[in-house]
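What's counted below: heavy atoms across the whole structure, side chains too, no hydrogens, waters or symmetry copies.
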Amino acid sequence: MKKLMVAVGIFMMSLVGSVSAQDVNEQNPYALVQDVANRTFERIKVNQGAIKADPEMLRTIMEEELVPHIDYKFAAFMVLGKHFKSVPQEKMGEYISVFRQYLITTYAIAMGYYDNQTVVFEPESNFDDKKSVTVRAVVQDPERPEIKIAFKVRKDSKTNEWKAYDMVAEGISLLNSKRSEFESILRQDGIDSVIALMREKIGQPVELKQGEELAIEGESE
């Protein structure tokens with residue numbers, strides 16, 4: 001899981017140097033991934049001083065720049081897996097809302113991993129008849145082995161807009177990791193315990209450690 005979070009952070013931050021002020025292109029899944037990363041991390045770049053003074057600002061940036069382009073509802077359902085049908089309907093809204101905040105926190109944690117890596121994307125493929133696309137890339141670092149990453153992006157059947165819902169680093173899926181983490185809790189204790197776990201992690205402060213490493217205090221993954 002730690003390797004996955006490192007990949008999230010270094011991928012996004014490596015795009016800062018190529019940022020432009022263009023709008024996010026939600027009609028093209030390949031352009032979407034790059035546009036969202038560029039906009040998000042240009043904002044981080046220009047606010048570095050403020051972020052050092054108040055690391056909680058990263059949550060705001062994630063919420064305003066990144067989350068609007070993530071299909072967090074679909075991601076939340078996928079994390080539930082086979083337990084989806086067992087969650088009481090009256091609890092589903094609360095679960096989705098807390099999961100959204102949990103994603104914001106998860107991505108905020110990842111932003112501390114950057115050391116001049118670069119990212120090379122695979123060529124764009126035809127997606128005219130596709131409902132979902134995997135955007136693949138390689139994180140290159142002259143001092144470390146390459147990290148293969150992939151972004152799962154799906155098309156909204158109503159709006160025809162593309163949104164990301166998962167990231168995979170070296171075969172490790174963020175959503176699958178969370179599903180494994182929550183599965184036994186769902187089976188033994190139910191959705192309330194999962195919500196409580198997510199609230200606990202959300203409630204812990206975002207901290208910058210050693211000037212570079214971003215973490216949530218008490219996070220061991």
Side-chain angles (χ1 to χ4, degrees), residues 1 4-5 7-9 11-12 24 26 29 32-33 35-37 39-41 43-44 51 54-112 132 151-159 161-169 172-183 185-186 189-207 214-219 221:
M1 186 62 185
L4 176 60
M5 299 310 296
V8 174
F11 159 72
M12 296 293 205
V24 172
E26 291 193 323
L32 169 75
V33 172
D35 289 351
V36 171
R39 289 169 63 94
T40 301
F41 292 95
R43 188 167 169 187
I44 290 176
I51 290 170
D54 181 16
E56 291 294 329
M57 185 177 182
L58 283 166
R59 294 195 212 245
T60 301
I61 295 173
M62 295 302 103
E63 181 165 17
E64 294 179 357
E65 303 291 351
L66 184 63
V67 172
H69 308 288
I70 294 178
D71 193 342
Y72 64 88
K73 291 183 180 179
F74 183 74
F77 295 153
M78 285 195 65
V79 167
L80 290 177
K82 65 182 182 181
H83 296 281
F84 173 79
K85 293 182 179 180
S86 65
V87 175
Q89 191 62 36
E90 63 271 18
K91 285 289 182 179
M92 190 62 75
E94 180 185 6
Y95 164 71
I96 292 173
S97 177
V98 175
F99 183 83
R100 180 180 181 277
Q101 293 302 120
Y102 184 69
L103 273 185
I104 291 170
T105 298
T106 299
Y107 280 105
I109 293 170
M111 294 306 105
S132 63
F151 296 87
K152 302 288 187 178
V153 192
R154 67 189 296 267
K155 188 175 185 179
D156 189 301
S157 60
K158 296 180 180 178
T159 66
E161 294 177 340
W162 292 85
K163 290 185 183 293
Y165 66 91
D166 193 15
M167 176 178 174
V168 181
I172 302 173
S173 159
L174 178 62
L175 293 190
N176 287 346
S177 296
K178 294 304 176 184
R179 183 187 299 154
S180 297
E181 180 183 356
F182 294 162
E183 201 278 332
I185 302 173
L186 283 166
D189 303 314
I191 193 65
D192 284 333
S193 292
V194 170
I195 292 173
L197 174 64
M198 291 193 294
R199 286 192 188 279
E200 179 184 357
K201 292 189 177 182
I202 292 166
Q204 295 170 350
V206 177
E207 293 186 347
L214 179 66
I216 291 254
E217 185 177 4
E219 180 67 59
E221 294 177 350

Engineer: Any heavy-atom pair between the side chains of Leu103 and Val67 that's under 4.5 Å?
Structural biologist: no
Engineer: Between Arg179 and Met78, is there a donor-acceptor pair closer than 3.5 Å when you use the side chain of the first and the backbone of the second?
Structural biologist: yes
Engineer: Measure the CZ-CG distance between Arg154 and Asp71 for me, rounded to the nearest 0.5 Å.
Structural biologist: 5.0 Å
Engineer: Return each pair, listed once, that meets salt bridge (charged side-chain N to carboxylate O under 4.0 Å, His left out) where at least one residue sits in residues 95-106; pairs must be two or more places apart or across chains.
Structural biologist: Glu63-Arg100
Engineer: What is the minimum heavy-atom distance between Ile104 and Arg59, and which atoms define it?
Structural biologist: CG2-O, 3.5 Å
Engineer: Sequence neighbours excluded, which residues qualify as side-chain contact (heavy atoms from CB on, under 4.5 Å) partners of Ser97?
Structural biologist: none
Engineer: Side chains of Met198 and Gln101: does their closest heavy-atom pair fall under 4.5 Å?
Structural biologist: no
Engineer: Drop me the distance from Leu174's CG to Tyr107's OH, to the nearest 0.5 angstrom.
Structural biologist: 5.0 Å
Engineer: Please name all residues satisfying ring-ring contact (aromatic ring centres under 6.0 Å, His included) with Tyr72, sequence neighbours left out, ordered by chain then number.
Structural biologist: none
Engineer: Looking only at atom types and distance, does a side-chain atom of Glu26 sit under 3.5 Å from a main-chain N or O of Leu32, one as donor and one as acceptor?
Structural biologist: no
Engineer: Can you tell me how far the CG atom of Leu66 sits from the CG atom of Leu58, to the nearest 0.5 Å?
Structural biologist: 11.5 Å
Engineer: I need the Phe182 CZ to Asp189 CG distance, nearest 0.5 Å.
Structural biologist: 13.0 Å
Engineer: Does Arg43 reach the side chain of Thr60, with side-chain heavy atoms less than 4.5 Å apart?
Structural biologist: yes
Engineer: Classify the ring geometry of Phe84 against Phe77: parallel below 30°, tilted from 30° to 60°, perpendicular beyond 60°.
Structural biologist: perpendicular
Engineer: Taking side-chain contact (heavy atoms from CB on, under 4.5 Å) as the definition, give me every residue that meets it alongside Glu200, ordered by chain and number, with sequence neighbours left out.
Structural biologist: Leu197, Gln204
Engineer: Determine whether Ile191 and Leu80 satisfy the following criterion, side-chain contact (heavy atoms from CB on, under 4.5 Å), listing intermediate values before the conclusion.
Structural biologist: CA-CA 9 Å; Ile191 193 65; Leu80 290 177; 3.9 Å; yes
Engineer: Does the pair Asp192/Lys91 count as a salt bridge with the N-to-O cut at 4.0 Å?
Structural biologist: yes
Engineer: Which heavy atom of Trp162 sits nearest a heavy atom of Lys155, and at what distance?
Structural biologist: CE3-N, 3.6 Å
Engineer: Sequence neighbours excluded, which residues qualify as salt bridge (charged side-chain N to carboxylate O under 4.0 Å, His left out) partners of Asp166?
Structural biologist: none
Engineer: Measure across Tyr95 and Ala76 and return the closest heavy-atom pair with its distance rounded to 0.1 Å.
Structural biologist: OH-O, 2.7 Å
Engineer: With side-chain contact (heavy atoms from CB on, under 4.5 Å) as the test, would you mind laying out the steps for Tyr102 and Lys178 before giving the verdict?
Structural biologist: CA-CA 11 Å; Tyr102 184 69; Lys178 294 304 176 184; 2.8 Å; yes
Engineer: Output, in order, the C-alpha distance, side-chain angles, deciding distance and verdict of side-chain contact (heavy atoms from CB on, under 4.5 Å) for Ile61 and Ile51.
Structural biologist: CA-CA 10 Å; Ile61 295 173; Ile51 290 170; 4.0 Å; yes
Engineer: Any chance you could measure Lys201, atom NZ, to Arg199, atom CZ, to the nearest 0.5 Å?
Structural biologist: 15.0 Å
Engineer: In chain order, what residues pass the salt bridge (charged side-chain N to carboxylate O under 4.0 Å, His left out) check against Lys152, with sequence neighbours excluded?
Structural biologist: none
